[in-house]
Enquirer: 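Could you have a look at this structure, given as structure tokens, before my questions?
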There are 2 protein chains.
Amino acid sequence: MTADAPFAFDGLDRVIHEKARLSILTSLISHADGLSFNELKSLCALTDGNLSRHVAVLQEAGLVAVTKGFEGNRPHTTCALTPAGRQKFMDYLNELERVLKNAAGAPSASPSTVPGSLKPA
Amino acid sequence: MTADAPFAFDGLDRVIHEKARLSILTSLISHADGLSFNELKSLCALTDGNLSRHVAVLQEAGLVAVTKGFEGNRPHTTCALTPAGRQKFMDYLNELERVLKNAAGAPSASPSTVPGSLKPA
DNA sequence: CAAATAACTTTACAATGTAAAGTATATATA
DNA sequence: TATATATACTTTACATTGTAAAGTTATTTG
């Protein structure tokens with residue numbers, strides 16, 4: 001955490017933080033052997049164009065490995081997390097957890113409004 | 001959660017999800033009686049221009065109440081969460097928690113990489 | 001063989017985050 | 001008491017980027 005800016009959340013990498021890409025990465029970490037273009041499309045509820053561009057961004061950032069091949073006669077793209085991608089995503093998740101702890105743990109955040117919060121029963 | 005798109009994370013309201021505004025809201029929920037422009041500026045490590053614009057966005061969305069007055073002879077702006085803002089932020093936090101649970105709870109996310117994860121010791 | 005479908009990619013646009021410049025007032029300084 | 005500097009913001013202009021519509025290539029289907 002930045003010395004004087006406890007709420008700056010520097011670790012929230014923009015490449016990961018974007019909603020659509022957060023969906024993609026979460027999908028991928030739940031499927032270690034990768035997911036096809038169409039599986040991602042429906043899991044994340046993204047249009048073809050969006051998914052294509054977001055996957056490209058993730059690939060350029062080295063977070064996702066994209067494999068283009070053929071399934072029968074049709075092109076078939078598979079995406080999977082790279083080791084670096086997995087690590088960076090984990091780092092991001094740790095920062096997310098800090099956000100949650102800071103916010104949900106605040107005095108003015110009444111527990112009843114955050115039912116299943118971090119604190120175990 | 002959307003029926004067929006478990007990883008779409010529809011509840012991640014863009015107005016809140018943006019990094020700088022997430023900082024501002026987290027600061028504000030930790031300070032129920034509000035924060036001044038300058039306090040926010042240093043807590044969130046934002047420039048004057050950024051803070052001004054982001055606060056305006058939050059105000060227009062009805063999440064934050066902005067009070068402009070004078071402290072001695074100098075202008076003094078105070079920001080505080082509105083009740084609606086608090087509720088929406090809580091909703092957002094619940095969705096964030098879903099992200100964390102989906103991701104950190106995934107089989108391929110080894111526990112050691114997420115040290116202080118959701119699961120209690 | 002024409003039309004439609006599949007699996008993407010490219011492009012163009014609109015939204016938006018950011019920082020530099022601007023404004024207005026107050027205080028310090030020479 | 002001018003002049004300069006500081007305070008507390010706001011406005012503007014730019015550059016990035018998320019999004020959807022249109023385009024591409026190949027393959028089925030009627």
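Scope of the values below: all heavy atoms of this structure, side chains included, with no hydrogens, waters or symmetry mates. Within every chain, numbering begins at 1; the chains are lettered A, B, ... in the order of the sequence lines, protein sequences first and strands thereafter.
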Enquirer: Taking 4.0 angstrom as the limit, do A:E18 and B:R14 come out as a salt bridge?
Expert: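 Salt bridge present between A:E18 and B:R14.
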
Enquirer: Roughly, in whole Å, what's the span from CD1 in B:I16 to P in C:dT16?
Expert: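 Interatomic distance, CD1 of B:I16 to P of C:dT16: 15 Å.
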
Enquirer: B:D48 side chain: which of C:dA19, D:dA8, C:dG17 is closest?
Expert: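 Among the listed nucleotides, the one closest to the side chain of B:D48 is D:dA8.
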
Enquirer: Using whole Å, report how far CG of B:L22 lies from C1' of C:dG17.
Expert: 15 Å

Enquirer: Should the pair B:E95-B:R98 be classified as a salt bridge under the 4.0 Å nitrogen-to-oxygen rule?
Expert: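 A salt bridge links B:E95 with B:R98.
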
Enquirer: Any salt bridge linking B:D48 with B:K41? Criterion: basic side-chain nitrogen under 4.0 Å from a carboxylate oxygen.
Expert: yes

Enquirer: Can you tell me if A:H54 touches the phosphate of D:dT19, counting only side-chain N or O atoms and a distance under 4.0 Å to OP1 or OP2?
Expert: yes

Enquirer: Below 30° counts as parallel, above 60° as perpendicular, anything between as tilted: where do the rings of B:F9 and B:F7 land?
Expert: perpendicular

Enquirer: In whole Å, what is the span from the CG atom of A:L58 to the C1' atom of D:dT17?
Expert: 14 Å

Enquirer: Taking all non-hydrogen atoms of both residues into account, name the closest pair between A:G62 and A:T82 and its distance.
Expert: O-OG1, 2.8 Å

Enquirer: At less than 4.0 Å, is any side-chain N or O atom of B:N50 found next to OP1 or OP2 of C:dG17? Yes or no.
Expert: no

Enquirer: Give, ordered by number, those residues of residues 73-81 of chain A having at least one heavy-atom distance below 4.0 Å to an atom of DNA chain C; if nothing qualifies, reply none.
Expert: A:R74, A:P75, A:H76, A:T77

Enquirer: Taking CZ from B:F70 and C1' from D:dA8, how many angstroms apart are they, rounded to a whole number?
Expert: 10 Å

Enquirer: Locate the shortest heavy-atom distance separating A:K19 from B:A8; write the atom from each residue and the value.
Expert: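 That would be CE-O, 4.1 Å.
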
Enquirer: Would you kindly give the CD-to-P distance between B:E60 and D:dT10, to the nearest whole Å?
Expert: 12 Å

Enquirer: Counting only non-hydrogen atoms, which of residues 23-39 of chain A are less than 4.0 Å from DNA chain C?
Expert: A:F37, A:N38

Enquirer: Could you check A:T78 against A:L35 for side-chain contact (heavy atoms from CB on, under 4.5 Å), going step by step and ending with a plain yes or no?
Expert: CA-CA 5 Å; A:T78 304; A:L35 286 167; over 6 Å; no

Enquirer: Starting at atom NZ of B:K19, determine the distance to atom C1' of D:dG18, rounded to an integer number of angstrom.
Expert: 18 Å

Enquirer: When you match B:K68 and B:R14 each to their closest nucleotide on DNA chain D, which lands nearer the 5' end?
Expert: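 The residue closer to the strand's 5' end, by nearest nucleotide, is B:K68.
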
Enquirer: Is the distance from OP1 or OP2 of C:dT9 to the nearest side-chain N or O of A:S52 less than 4.0 Å?
Expert: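 So the side chain of A:S52 is within the cut-off, an N or O lying under 4.0 Å from OP1 or OP2 of C:dT9.
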
Enquirer: Looking only at N and O atoms, is any donor in the side chain of B:R53 or the base of C:dT18 less than 3.5 Å from an acceptor on the other one?
Expert: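 Side chain to base: pair present.
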
Enquirer: Using the side chain to side chain contact (heavy atoms under 4.5 Å, CB included) rule, pick out the option among B:L93, B:L25, B:V15, B:I16 that qualifies with B:K88.
Expert: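 Going through the options one by one, the only one that passes is B:I16.
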
Enquirer: In whole Å, I'd like the distance from the CG atom of A:L51 to the C1' atom of C:dT10.
Expert: 15 Å

Enquirer: Nearest whole angstrom, please: distance from the C1' of C:dA20 to the CG of B:L46.
Expert: 16 Å

Enquirer: Under 4.5 Å between any side-chain heavy atoms of A:K68 and A:P75, yes or no?
Expert: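 Side-chain contact under 4.5 Å: no.
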
